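Just below is one structure, and these are the notes that go with it.
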Amino acid sequence: MTTINNNYLKLQGSYLFSTVAKRVAAFKESNPGKKVISLGIGDVSKPLVPAVIAAMHKAVDEMGETATFRGYGPEQGYSFLREAILKGDYLARGINLSADEIFVSDGAKSDVANFQELFSPESKVALQNPVYPVYLDTNVMAGRTGAFENGRYGGIVYLPCVEENNFAPELPQEHADIVYLCSPNNPTGSALTRAELKKWVDWALAHNSVILFDSAYEAFISDENVPHSIYEIPGAEKVAVEFRSFSKTAGFTGTRCAYTVVPKALEISDGKGGKTSLNALWLRRQTTKFNGVPYIVQRGAEAVYSPEGVEQTREVIAGYKENARVILDALKNAGITAYGGQNAPYVWLKTPAGLDSWSFFDKLLTEACVVGTPGVGFGSCGEGYFRLTAFNTPELTREAAARVAALKF
Ligand code: PLP
């Protein structure tokens, strides 16, 4: 009889968002007159900006003419978009990469999930705790972990990110071949400074390890001290892969477009005494398993880098950042300690004494009719914390914030 991949049986049910949804639905049913506001969503509320819409309309028209119609495109992405990314996100910051080190894709989620395929099944994985669950679950599926016991998978090196270390992971005491770093971070909203990131790059160089650097929230950085790209750190091109997305930067969560940078200088052991280029391997993987992002979508993403696109997306991000400020102010007024929100769309609050993540969820829902996400759902080190997002509309964010500020603890 055909047998399943047993690693899938090690996966823990994704209870977090379904439990949140169930509790909210039950509350709404027993309180039909009450207006519930969600600050739990990780999805944007603002539409695509006019520059993107105009570019996509034009591309739709091109698809209706024989002379300009496009079928399958290059798996790595059209060169017009890779060149725009190169210029806008890298050359402009003094980072020397080339367009063939950039791979356009349908999402940072799929890239960050798929990239681990290139490493041996025995590779040791380190990741932050709490964490964006995709890094962990995809390594469970690939068989790089033991069983799940006492809130942890065997074989994984967990890097606690808590108040005591300012949510910045410390270097592991044991060897790790692959390290996932997410900065600006989901869920903690913190971001690694230049000095903190340099520490990781130097460690990876010294230990022949690879950093998988997820900077899906790069556009939210305002602190001068926080690098926008890991390649701002000397030597990073030899040890790091960078994942970026148009989802939160330009509202592409439903449109789908992202990119991954795999520098040619990044080589790892072939297990036989030689070295292999990860760039060549990723190209091989993508040309086999992926058929590219729609032309219309790539034209839309290209427009994000036009002068109008830059201006319009900047305004959208500024709006979300203002929401984060409103949330942080409200929490301060309620006497709650909170982090993040400066370089990320996430505010990470410390639940007041006596309340764990889920009791805080219940109090917020029943007393303020506001929904957020219990921190423990992102990993054991998230217990006692709670995530609020800045992605709702300014009006609803203000209303929710005023209700939170009025809470008594
Ligand atoms: N990486 C992080 C850290 C995220 O929080 C998310 C989405 O929530 C993604 C990647 C997914 O990005 P995309 O929409 O490009 O798949």
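What you see is a predicted model, and the numbers here were worked out from it, not measured in a lab. Read the numbers this way: they start at 1 and go in the same order the structure lists the ligands and their atoms.
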Just so I know, are the side chains of [X] and [Y] near enough to count as touching, which here means a heavy-atom distance under 4.5 Å?
X	Y	value
Trp282	Asn114	yes
Phe252	Val297	yes
Pro394	Asn323	yes

How far is [atom] from the closest protein heavy atom, and which atom is that?
atom	result
atom 1 (N) of ligand 1	Asp214 OD2, 2.7 Å
atom 4 (C) of ligand 1	Tyr217 OH, 3.4 Å
atom 15 (O) of ligand 1	Ser245 OG, 2.6 Å

Checklist entry - Under a heavy-atom criterion of less than 4.0 Å, does Val112 contact ligand 1? => result no
Next on the checklist: With a 4.0 Å cut-off on heavy atoms, is Gly42 in contact with ligand 1?
Outcome noted: no
Need the ligand 1 atom indices (1-based, order shown) with element for anything under 4.0 Å from a heavy-atom of [X].
X	answer
Gly107	15 (O), 16 (O)
Lys109	11 (C), 12 (O), 13 (P), 16 (O)
Lys248	7 (C), 8 (O)
Ser247	13 (P), 14 (O), 15 (O)

Does ligand 1 come near enough to [X] that some N or O of the ligand is less than 3.5 Å from an N or O of the residue?
X	answer
Tyr132	no
Tyr135	no
Arg256	yes

Heavy atoms of other groups near [X] [atom1], more than 12 under 6.0 Å:
X	atom1	answer
Gln173	CD	no
Tyr8	OH	no
His175	NE2	yes

Checklist outcome for this item: The residue among Val404, Ile327, Val371 that forms side chain to side chain contact (heavy atoms under 4.5 Å, CB included) with Leu39 is Ile327
Item to check | Phe246, portion touching ligand 1 at heavy-atom distance under 4.0 Å | outcome: neither
Next on the checklist: Please work out, at 4.0 Å between heavy atoms, whether the side chain, the backbone, both, or neither of Cys182 comes within that distance of ligand 1.
Outcome noted: side chain
Item to check | Output field: ring centroids Tyr217/Tyr346 closer than 6.0 Å | outcome: yes
Next on the checklist: Determine whether a donor-acceptor pair (N or O, by modelled atom type, separation under 3.5 Å) exists between the side chain of Glu174 and the backbone of Val157.
Outcome noted: no
